[in-house]
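Here the structure comes first, spelled out in structure tokens, and everything after it is commentary.
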2 protein chains.
Amino acid sequence: MPGFRKRFCGLRRHWLELYLLLLIAEKPSYGYELSTKLKDFGIMISGIGQMGNLYRILSQLEAEGFVKTDWDTQESGPARKIYIITDIGLLFLRDAMSSVIEMEKTTEKFVERYEKLNKKD
Amino acid sequence: MPGFRKRFCGLRRHWLELYLLLLIAEKPSYGYELSTKLKDFGIMISGIGQMGNLYRILSQLEAEGFVKTDWDTQESGPARKIYIITDIGLLFLRDAMSSVIEMEKTTEKFVERYEKLNKKD
DNA sequence: GTCATATATATGTATTTTGTATATATTATA
DNA sequence: TATAATATATACAAAATACATATATATGAC
């Protein structure tokens, strides 16, 4: 499996992409809803302009072929741009899992060592 | 406790800062050595220019008063710029721990949900 | 009816961070 | 006397982020 992109040491925007891809893989969804679903992970999209950045990331995921889109005009309210995962998107997500698991370990170690440091004092 | 800076949703550079501060808090150290100690956390500083970026982050930590420095010319080889944690640095680190713990939970949830997703298929 | 709010998507831009490249100097060892 | 390992540092283009704003549809309060 090639590297797709030169990313993933791994962080921020790169994480957000993964969370979005996972949510979309679970069930097709749209920007506004995704921003609320991110709360499940403890990620808050609030603050000025945050939504704008989210939409931009979604657009780029589409441009890269990780998701495709479909307008939903059935529901009441403004039209929704529904994002649907692609095979490439699923592949990318699977490929990225090793980074996520590494991050998990890294973070655990960090907490452990910080606690050990404080015990000494 | 105020926010120190407008960062920390939390990622990349911001993480690296914390790992560096923890390592320095454990024991004063210098750039080159820190780059090797980061491996304990699974973080590799290799590739072109990576060291340069590391030094830049260390300089900024110093500019912000989180660490202070001292040149070590005792050892053989090129002089070493020893970084020592400050009280503000320790405070910043403590303040940041909540973000780290959040990230830990977030990552755990991500792995769980990815595995659940794959069971369905 | 119109005002505020929630829902929904999107673009512009200055600042910050990153990736990549490079410069420089000291010591050990082959 | 090369070469590699040790050690720090700056320059710059590209990418990402924070912050600001524009636009439109529907619902509920008044």
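Just so we're on the same page: letters track the sequence lines, and every chain starts at 1.
With sequence neighbours excluded, the residues that form a side chain to side chain donor-acceptor pair (under 3.5 Å) with E62(B) are T69(B). Every salt bridge (charged side-chain N to carboxylate O under 4.0 Å, His left out) that E26(B) has, sequence neighbours left out, goes to R113(A). For K109(A), the side-chain contact (heavy atoms from CB on, under 4.5 Å) partners at least two apart in sequence or on another chain are F41(B). A search for side chain to side chain donor-acceptor pair (under 3.5 Å) contacts involving S59(B) returns nothing, not counting sequence neighbours.
For dT9(C), the OP1/OP2 oxygens have a side-chain nitrogen or oxygen of Y55(A) closer than 4.0 Å.
Taking 3.5 Å as the limit, the base of dA18(D) and the side chain of N53(A) contain a donor-acceptor pair of atoms between them.
Between the C1' atom of dA10(C) and the CD atom of Q60(A) lies a distance of 13 Å, rounded to the nearest Å. Here the P atom of nucleotide dT7(C) and the CE atom of M51(A) are 11 Å apart, to the nearest Å. Distance E64(A) CD to dA16(D) P: 9 Å, rounded to the nearest Å. Residue L16(A) contributes atom CG, which lies 16 Å from atom C1' of dA15(D) at whole-angstrom precision. We find that CG of L58(B) is positioned 10 Å from C1' of dT8(D), with the value rounded to whole Å. If you take CG of L54(A) and C1' of dT9(C), they are 11 Å apart, rounded to a whole angstrom. Between the CG atom of D72(A) and the P atom of dA8(C) there is a distance of 9 Å, rounded to whole Å. Atom-to-atom, CD1 of I57(B) to P of dT16(C) comes out at 15 Å; the value is rounded to the nearest Å.
Each of R56(A) and W71(A) lies near DNA chain C, and the nucleotide nearest W71(A) is the one positioned closer to the 5' end.
If you check residues 29-49 of chain A against DNA chain C, the residues with a heavy atom closer than 4.0 Å are Y30(A), G31(A), Y32(A), listed by number. The stretch residues 74-81 of chain B comes close to DNA chain D through P78(B), A79(B), R80(B), K81(B), each having a heavy atom under 4.0 Å from the strand.
Residue pairs meeting the ring pair (Phe, Tyr, Trp, His ring centres under 6.0 Å) criterion with at least one partner in residues 97-120 of chain B, sequence neighbours excluded, are Y19(A)-F110(B). For residues 79-93 of chain B, the side chain to side chain donor-acceptor pair (under 3.5 Å) pairs, not counting sequence neighbours, are Y30(B)-R80(B). Every pair tested for salt bridge (charged side-chain N to carboxylate O under 4.0 Å, His left out) that includes a residue from residues 66-75 of chain A fails, sequence neighbours excluded, so the list is empty.
Looking only at side-chain heavy atoms (C-beta outward), L34(A) and I45(A) stay at 4.5 Å or farther from each other. Contact check for K116(A) versus E112(A): no side-chain heavy atoms found under the 4.5 Å cut-off.
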